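Working notes, structure below.
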2 protein chains.
Amino acid sequence: MLEPQQNALLGLLPEEDLAHLLPHLEQVTLSLGQSLSESGRQMSHVYFPLDAIVSLLCVMEDGASTEIAVVGYEGIVGVSLFMGGETTPSRAIVQSAGTAYRLKGQLLKNEFYRAGPMQRLLLRYTQALLTQMAQTAVCNRHHSVDQQLCRWLLLSLDRLPGDKLIMTQELIANMLGVRREGVTESAGKLQRAGLISYNRGHITVIDRPGLEKRVCECYAVVKREYDRLLNHHDVM
Amino acid sequence: MLEPQQNALLGLLPEEDLAHLLPHLEQVTLSLGQSLSESGRQMSHVYFPLDAIVSLLCVMEDGASTEIAVVGYEGIVGVSLFMGGETTPSRAIVQSAGTAYRLKGQLLKNEFYRAGPMQRLLLRYTQALLTQMAQTAVCNRHHSVDQQLCRWLLLSLDRLPGDKLIMTQELIANMLGVRREGVTESAGKLQRAGLISYNRGHITVIDRPGLEKRVCECYAVVKREYDRLLNHHDVM
DNA sequence: CCAACTCAGCACGCTAACGCACATAAGCCT
DNA sequence: AGGCTTATGTGCGTTAGCGTGCTGAGTTGG
């Protein structure tokens, strides 16, 4: 059984605050490719992933896209609701199927405007998101597809229980905003180096330390900032 | 004389809330290249630019950098203070000299945690910043230096009183995270097309509509979102 | 007024990534 | 089994942007 506390934000909340929300939290299954938020559309709920992963994508008129951030058990999908804008121009797509708890948008806003621990927590999380987006921008600019693939794999791995992910090269290419063939090539290198094994949409990470050696600094910067902003000691 | 209300955030604040802050607002001159915030360092003040422009840069270990957002009269530098993280891994550099009002960080936080109009305003602004960063990331990935230069020029122009900016190609290259020669080439095209005139660090925009024709959609997306989030009607 | 410096422009060759066209290959569904 | 769809691997030519080295035109300051 999956408990709401497996989501890091909910888990960091003091018991009484969590108790407020518990009756309204609804467990849902998220399936691969499902959209939780479309550009410019108001979300009815926010989502607290448990073992699912959600990608925030920025999609352009011609259909080209790039992942700007990834959200897993450590976060929440639907930041724009409590930030006051209600909508975002970006899209939220389930990148790895799994489970999440969801909460009606209005209830989250109520909790947020009580200005208690939940507010502090959500604001700190949003700042972590800012950092992730900034680092993604600079990584897009300066680093090779090889490095970005490593970063992407590690970010996903950190949000998954095991060492397997279900993901075609086509989809990874959409996330990274590169050609499918580019991913084929980079993934091939990683496979030949014995770091991952790739099999028709099923990736198994064999040598995680090896990936960490190849990845650019962007991964560590983001991870460090999440750890700093969302550790139990500072937040509560 | 420059009034605090020339900053859009301060200008949107109801009179009584602004009155709270006025005695503590200190006018300062920002000079080109001045750093307002270093990676991981706590800021003592937040800044409300009037006619100055500040770039938020993400700098990497090897010194390569990319601008992730630009802040002018419409915004505030120092979002991380009220978001709870206190520091950011990014750097804030004055990109166009001018004037700003500044406020002690603690005073801003006090005002923020009163949970009044200022809080709503700052949160909405932060969401606009999120959008700008996301769009920058996707633009870095998919658009040519030509297009990005147009975007950058227009974003700067929107934040300046006139049609001139003081900025060498070298600095623009740092912002965009490209080679200086790349900027030379793109700027040359714009100059030959009669859109701008370039003269040793002095750029004059001659044909703004022409720039708007060449720019990628990223500019409009960001502008629209700022207008939506920070118009007087919705915020207050 | 000349020297030093800064800024802009140009000419290479180089490489990563692109777009496109195929060739397999592996699972899926009668 | 056989044919379909989907996923992956490869091999082109093309191109945008990079790194480097250099030229020359302004600007500044002694």
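Predicted model only: the values in this text are computed from it and were never measured. Protein chains get the first letters and strands the later ones, always in sequence-line order, with residue 1 at the start of each.
- Counting distance only, with no hydrogens placed and no angle test, the side-chain atoms of B:Arg180 and the base atoms of C:dG9 include a donor-acceptor pair under 3.5 Å.
- When the C1' atom of C:dC7 is taken as reference, atom CG of B:Leu32 falls 14 Å away, rounded to whole Å.
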Taking N or O atoms only and anything under 3.5 Å, show me the protein contacts with nucleotides 24-29 of chain C, one pair per line.
unit_1, atom_1, unit_2, atom_2, d
C:dA26, N3, A:Arg200, NH2, 3.3

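- Here the nucleotide nearest the side chain of B:Gln191, chosen from D:dG17, C:dG9, D:dT10, is C:dG9.
- Taking atom CZ on B:Arg192 and atom C1' on C:dC10, their separation rounds to 11 Å, with Å as the unit.
- Per the geometry, NE2 belonging to A:His142 stands 15 Å off C1' belonging to C:dA16, to the nearest Å.
- Map A:Gln148 and A:Glu181 each onto its nearest nucleotide of DNA chain C; the residue landing nearer the 5' end is A:Gln148.
- Between D:dT8, D:dC18, C:dA17, one nucleotide has an atom nearer to the side chain of A:Tyr198 than all others, and that is D:dT8.
- The nearest whole Å value for the distance from the CZ atom in B:Arg179 to the P atom in C:dT15 is 15 Å.
- Looking at B:Glu185, its side chain has no donor and acceptor atom pair within 3.5 Å of the base of C:dC10.
- Spacing between atom CD of A:Glu170 and atom C1' of C:dG19 amounts to 14 Å, rounded to whole angstrom units.
- As a whole-Å value, the separation of B:Lys189 NZ from C:dC10 P is 13 Å.
- A:Asn174 places its CG atom 12 Å from the P atom of D:dT8, with the value rounded to the nearest Å.
- A:Arg159 places no side-chain N or O within 3.5 Å of a backbone atom of A:Tyr73 that could act as its donor or acceptor partner.
- A:Tyr101 and A:Gln27 form a side-chain donor-acceptor contact under 3.5 Å, judged by distance and modelled atom types alone.
- Counting only N and O atoms by type, the side chains of B:Thr87 and B:Gln42 include no donor and acceptor under 3.5 Å apart.
- For a distance-only test at 3.5 Å, the side chain of A:Arg141 fails to qualify as a donor-acceptor partner of the base of D:dG17.
- Between the side chain of A:Asn199 and the backbone N or O of A:His202 there is no donor-acceptor pair closer than 3.5 Å.
- A:Leu130 is not listed as a side-chain neighbour of B:Thr88, based on a closest heavy-atom distance of 4.5 Å or more.
- A salt bridge links B:Arg208 and B:Asp158; the closest N-O separation between the charged side-chain nitrogens and carboxylate oxygens is under 4.0 Å.
- Between B:Lys189 and B:Glu185 no salt bridge is recorded (no basic side-chain N to carboxylate O distance below 4.0 Å).
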